[in-house]
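Order of the sequence lines sets the chain letters (A, B, ...), proteins ahead of strands, with each chain counted from 1.
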2 protein chains.
Amino acid sequence: MKIKKGNEYLALPMKPTPRKLEIITTASTLFKEKGYSAVTMRDIAKAMGIKAASLYNHIKNKEEILTFIIISLAEQFIEGLEDIKNSNTTCIEKLKKIIELHVGITSRNTNGMASLNNDWMHLKDQLNYYLKLRIDYENSFRKIIKEGVKKGEIKNINPDIMLFSILSTLRSLYIWIPQKEDLDTSVLASNLSEVLLKGINK
Amino acid sequence: MKIKKGNEYLALPMKPTPRKLEIITTASTLFKEKGYSAVTMRDIAKAMGIKAASLYNHIKNKEEILTFIIISLAEQFIEGLEDIKNSNTTCIEKLKKIIELHVGITSRNTNGMASLNNDWMHLKDQLNYYLKLRIDYENSFRKIIKEGVKKGEIKNINPDIMLFSILSTLRSLYIWIPQKEDLDTSVLASNLSEVLLKGINK
DNA sequence: AAATTTAACTAACACTTGTTAGTTTACGTT
DNA sequence: AACGTAAACTAACAAGTGTTAGTTAAATTT
């Protein structure tokens, strides 16, 4: 675990074959519609036009599909935030970058984001690793807010409430983005920054 | 359906017996932890110290539990918003009332709110009714925002983005409220109003 | 005291679940 | 032409699923 190999990082050392990736993509769509527990291996197979047993030529078991979806996304967020932490700008600017990070990752993988948000509790082997990543992420995020308060860039309200409010919105993007066709992600990100940072009150 | 009877409204004419309510409450807790599909009738029974078959002395089937949880909450929101729409105040004041509405209902029923958010797609008989309630709610909410923009109380940004941002935060309250012990709901509501309406930027 | 109701039980059902074993088919390489 | 491999198949499994039928014991009503 956590071996760097090629352009793969952390806990996902093996790059999946194209067929395996098709299974994961198909499963993601179904997981988003009904949730992990309500989707059967036969559902996934049927959506691909094959039989359930055939899936096992490509994957170890059902859990592996969920694990891949969730961990690869979680690691994208961790890595993205790492860059932002190290960037040399104001805290408000860092928050804008975080918003862009969420809009970017989510718009590229709306289905997977549903599992990340709703099905993480069904992880087994990697549950603790996932929880660690999530806590680390939230802590880094909160740290940026706190520093912004200290420097006078950000209002002196309870940082937890600000964190919760922003993160809730960003975590819900996966529901909202697919509803809007012809979506310009950079416009969305800047509109969100406006609303989340400066509020709606005139 | 939709018969007013005593203090029961809309699509839930029958008030459940105390034992039935215990089942629903127990189920809510489990549904929050693992989601509706991953919770079995045997899980619910075990949590109550009885056998699965005994549940059927009190409820029609598994679906009825989920339906009760979701529809009764959805109707609380619809009724609460109805009062707010009819109140004679500014749009900003109406938004504050909506925030209070969410904090109130959610803090009284955090478990049920998990199902409302994540398990509605497993409704059968009442799925269309639920979807209608949700669309009505969002439309009324959006209308208040649009009127606020017209009257110059609210910034002239895309109302959908403001709606999405506020509603995402309010819908995530069920995750956040149980994590904070000794929570004063009126303090939370006013802090949320501050953040959601006026932003975090100084 | 007898009759009814409530709410638990045991046992079983038909069906679905994830998964394995063994087989077949098609295709690229030797 | 023979071989090896990838990826599909059929058949089956053990365990778990929601639910029903019939029974029992206690509490309540008549």
Worksheet item: Do the side-chain N or O atoms of A:His58 get closer than 4.0 angstrom to the phosphate oxygens (OP1, OP2) of D:dA8?
Response: yes
Worksheet item: Do the rings of A:Phe77 and A:His102 sit parallel, tilted or perpendicular, given the 30° and 60° boundaries?
Response: tilted
Practice prompt. Round to the nearest Å and state the distance from B:Ile50 atom CD1 to D:dA25 atom C1'.
Written response: 16 Å
Worksheet item: Would A:Glu147 and A:Lys150 count as a salt bridge (charged side-chain N to carboxylate O under 4.0 Å, His left out) if you check the C-alpha gap in whole Å, the side-chain angles of each, and the deciding distance to 0.1 Å?
Response: CA-CA 5 Å; A:Glu147 198 175 315; A:Lys150 208 169 75 182; over 6 Å; no
Practice prompt. Respond yes when some side-chain nitrogen or oxygen of B:Ser54 is under 4.0 Å from OP1 or OP2 of C:dA7, and no when none is.
Written response: no
Item to complete: Could you run through nucleotides 13-26 of chain C and give me one letter per nucleotide, 5' to 3': B if any protein heavy atom sits under 4.0 Å from the base, S if only the sugar-phosphate is that close, - if neither?
Response: ----BBBBB-----
Worksheet item: Taking the six-membered ring of B:Phe164, is NZ or CZ of A:Lys180 closer than 6.0 Å to its centre and within 45° of its axis?
Response: no
Fill in: A:Lys62 charged N/C atom sitting above A:Tyr56 aromatic ring, 6.0 Å / 45°
no
Worksheet item: Nearest-Å distance, NZ (B:Lys46) to P (D:dT17)?
Response: 11 Å
Discussion item. Measuring from atom CG of A:Leu116 to atom OG of A:Ser28, what distance do you get when rounded to the nearest 0.5 angstrom?
Written reply: 11.0 Å
Worksheet entry | Separation of B:Asn117 CG from A:Ile175 CD1 (nearest 0.5 Å) | 7.5 Å
Fill in: Value in whole Å for how far the P atom of C:dA7 lies from CE of B:Met48
11 Å
Worksheet item: Yes or no on salt bridge (charged side-chain N to carboxylate O under 4.0 Å, His left out) for A:Glu194 and A:Lys198, after CA distance, side-chain angles and deciding distance?
Response: CA-CA 5 Å; A:Glu194 181 76 15; A:Lys198 298 192 203 153; 3.4 Å; yes
Practice prompt. Might you work through the salt bridge (charged side-chain N to carboxylate O under 4.0 Å, His left out) test for B:Glu138 and B:Lys143, ending with a clear yes or no?
Written response: CA-CA 8 Å; B:Glu138 289 179 7; B:Lys143 204 170 156 191; over 6 Å; no
Worksheet entry | Contact residues, residues 18-33 of chain B to DNA chain D [heavy atom, < 4.0 Å] | none
